[in-house]
Amino acid sequence: MANMVGQVLENHKITFPEDELPSKGLSHNRALHVTVQFEDKFITKVLIDGGSSLNICPLTTLKRLGKGLHEIRMGSMNVKAFDGSQRATIGEINLDLQMGPTWFDVEFQVLDISATYNLLLVRPWIHAAGTVASTLH
């Protein structure tokens with residue numbers, strides 16, 4: 001019986017080939033970015049950060065998607081930025097995003113910030129999607 005369980009676990013293991021590693025291999029420190037789709041638009045530079053607890057959409061990204069301020073649900077929340085500073089959100093909005101073959105309704109906090117990413121997806125989305133992000137690959 002133990003051998004059978006071992007075979008089942010072995011056959012359902014998620015693995016990544018070594019050729020998917022960045023050129024620095026195990027010592028790289030690059031962030032994990034993905035591309036998602038919103039309606040007929042592709043959004044690149046979507047940062048996956050399993051250490052954060054809020055999905056963030058910069059106001060500039062929202063405008064590029066054709067969304068107006070009137071579509072943001074008002075709310076006042078202070079968010080701690082990566083640099084430790086506190087910022088107030090404009091409000092929140094839900095966006096239907098396609099990742100791979102699946103669509104997700106994702107709630108974002110909207111901030112008027114300059115960011116190196118177009119969207120930030122974090123733990124609530126990762127948990128809801130039932131995924132495990134591989135920052136190594």
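When a residue number appears, it is its place in the shown sequence, counting from 1. What you are looking at is a predicted structure, and each value in this text was computed from that prediction instead of being measured.
For Arg87, there are no salt bridge (Lys or Arg N to Asp or Glu O under 4.0 Å) partners, not counting sequence neighbours.
Summarising the geometry, atom CG belonging to Leu65 is positioned 6.5 Å from atom SG belonging to Cys57; distances are rounded to the nearest 0.5 Å.
When each of Val122, Leu97, Leu120, Leu119 is tested with Asn55 by the rule side-chain contact (heavy atoms from CB on, under 4.5 Å), just one qualifies, namely Val122.
Counting only heavy atoms from C-beta outward, the side chains of Asn118 and Leu47 never approach each other to under 4.5 Å. Residues Ile56 and Tyr117 meet the side-chain proximity criterion, which asks for heavy atoms closer than 4.5 Å. For the pair Leu121 and Val46, the minimum side-chain heavy-atom distance is below 4.5 Å.
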N/O donor to acceptor pairs below 3.5 angstrom from side-chain atoms of residues 88-96, sequence neighbours left out:
from  : atom 1 : to     : atom 2 : distance (Å)
Thr89 : OG1    : Met77  : N      : 3.4
Thr89 : OG1    : Met77  : O      : 3.4
Glu92 : OE1    : Gln109 : NE2    : 3.2
Glu92 : OE2    : Arg73  : NH2    : 3.4
Asn94 : OD1    : Arg73  : NH1    : 3.2
Asn94 : OD1    : Arg73  : NH2    : 2.6
Asn94 : ND2    : Asp105 : OD1    : 3.3
Asn94 : ND2    : Asp105 : OD2    : 3.3

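By the rule that hydrophobic residues join a cluster once side-chain heavy atoms approach within less than 4.5 Å of another member, Phe104 and Leu62 end up as members of one cluster.
Across Trp103 and Gln37, no two heavy atoms sit closer than the pair CZ3-O, 4.0 Å.
Within the structure, the salt bridge (Lys or Arg N to Asp or Glu O under 4.0 Å) test picks out the following pairs touching residues 56-72 (sequence neighbours left out): Lys67-Glu71.
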